[in-house]
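As the structure lists them, so they are numbered: ligands from 1, and atoms in each ligand from 1.
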Amino acid sequence: MGGTPELKLYNTLTREKSVFKPIDAENVRMYVCGPTVYDFAHIGNARPVIVFDVLFRLLRHVYGESHVTYARNITDVDDKINARALRDYPGLPLNAAIRAVTEKTEKQFLDDATALGSLEPTVQPRATDNINQMIEIIERLIARGHAYQASGEVLFDTKSMADYGQLSKRNLDEQQAGARIAVDAHKRSPGDFVLWKLSDENEPGWESPWGRGRPGWHIECSAMSGRYLGDVFDIHGGGLDLIFPHHENEIAQSRCAHGTDVMANVWMHNGFLQVEGRKMSKSEGNFVTIYELLHTEKFASRQWPGEVLRLAMLMTHYREPIDFSVKRLEEAERLLAKWPAVEPGDAKPDETVLNALADDLNTVAAVQALHALAQSGDPSVFAASAALLGLLPKKTEIDEAVAKEIDAWVEARLELLKAKNFAEADKIRDTLAAEGIQLKDGKDLATGERVTTWEVKR
Ligand SMILES: [Zn+2]
C-alpha cells in the first residue's frame, strides 16, 4: 500500500466520512445491488454501475487486483418479470418464457455496462441459483423468532429486532402512527415484509418447507452477499432509493439470521438522476435507456459514445443529484476530444488524481486534475490516471487549439442556419468534412434549439 493515500468513504450508516479499514486487506469485499432483468436499463441505472466501478478500480489499485471481491447480483425472479414473460411470450410455457426474458435482458445489461467502460464484477450471482440459500436463511430467522407464517406468506417480524431502522433512521412507532393505509390484517406490524410467498400454477415456484413458492425481493441480497462475501463484509452499495426499505430489510435479515452487529461496515449510496432538470419518467417524455443513448438517435437526435456518458456521469460527485443533459454530454465530449490517447504502460497514476478519488470518490476533482495532466503532464501518467476512472481516450489527432477553431466554425454555422443562409452553412460543413471532421446536428430536448457536435472520422 506504500505511496497510496488513506481511503476515506462516506458511510450512510454513521452519516460520516471516515477512514476505510478492510476486515481483511487480502480480500476486500463489496456488494452492489444489481438489476431486475425484465426491461432495458435506463440511464439512472447506469449511475451505480459507473460509480461502483470506479470504487472497484480504486480498491484494486490500493489492495491489488486479486485482493478485491466485487459481487453484483442479477434479480431474475420478480412479478414484473412474470408479467413481461406472459406479455412477450404468450405461446411458451411460463418457465421458458421467463428464461427468454431474463437471459435477453441480462445480456443487454452486461453489454450496456461494458459499453460504459465498466469492468465485470468478480461474481454476478443470479437469484434463481440461490433459492436454497434463501430458504436456509428464512428457516434460521423462524428458528430465532424473527419470522412467522401467515396467510400463505413468511414475514419478517420487524418488532423482533430492537434496533430495526438504523440505516434509514426510521422509527417503527412513528411510522405506524403516521400510517394512513390500513395494515394488512395478517401482519403483526405494518413494516413486516415478505420473505417467502406461495405461488399458484401461473407463477414460478420452488419447493420449500412452507409449500411451493417464491422469495421476496430483499432476501435474495442477504443470501447472495452471505454466500459470496460472508456474514459481515466491507462495503455495500446501491442507489439512494434503495436505503428504505430494501437495504434496511437486507440488514434486518442478515443480522438477525447470523447474530451479527452489522451486515456490512460501510454503506454507500449514489444520488438521484434527473434528465434535463426533470424527474425522468415515461409520462414526462424524457425517459431514456442506456441502449437508446448508445445506439439510437432518441436523445438529441444522435448517438452518444459510452465514454462520453461515463465522463458526463463522473463530472458530478456520486452523492450529489445529477442533471443529465445534452449540455453536460457535449461538455464531456469536448473534454475527451482534447485528451491524448496513449497506453499507460508501467506508469503510476498521478497523486492528485489518486488523492481526489481516495477522498470519498471525488471524481469532480479527479477529472479536473486529469484535464490539467492532459495539457502538461507525462502522457503515460495521464493514461494510468485516466484508467483509474475507466476512461481510455481514443486516438484523435486534434489538439486544443484546433478543437477551439472547429468549435468556432460550428458556432458560425449555427448562426448561418438561424439566419436561413443554408448555402454558406453547407459550405462550412463541407469544408470541415473534407478535413475529416463530421458534424452531427441534433436538438436540445429542453429548449428545442438546434445543437451541433463534431467528431473526427478516420
Ligand atoms: Zn439488494
For this session: Could you walk me through whether T36 and I81 pass side-chain contact (heavy atoms from CB on, under 4.5 Å), step by step?
Result: CA-CA 8 Å; T36 301; I81 296 174; 4.2 Å; yes
Problem set entry | Straight-line distance of T363 OG1 to Q368 CD, nearest 0.5 Å |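 It is 10.0 Å, given to the nearest 0.5 Å.
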Problem set entry | Donor-acceptor side-chain pairing of D53 and Y70 below 3.5 angstrom |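 Not at all, the side chains of D53 and Y70 share no donor-acceptor pair under 3.5 Å.
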Exercise. Under 3.5 Å, is there a donor-acceptor pair between the R328 and T316 side chains?
Worked result: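 Short answer, yes.
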For this session: Give the intermediate values and the outcome of side-chain contact (heavy atoms from CB on, under 4.5 Å) for residues I135 and W196.
Result: CA-CA 8 Å; I135 291 173; W196 190 263; 4.0 Å; yes
Problem set entry | L273 and M313: CA distance, side-chain angles, deciding distance, side-chain contact (heavy atoms from CB on, under 4.5 Å) verdict | CA-CA 10 Å; L273 176 139; M313 209 68 95; 4.0 Å; yes
Exercise. What protein atoms of element N, O or S are positioned under 2.8 Å from the Zn ion (ligand 1)?
Worked result: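 Listed by chain and number, the nearby protein N, O or S atoms are C33 SG, C221 SG, H246 NE2, E250 OE2.
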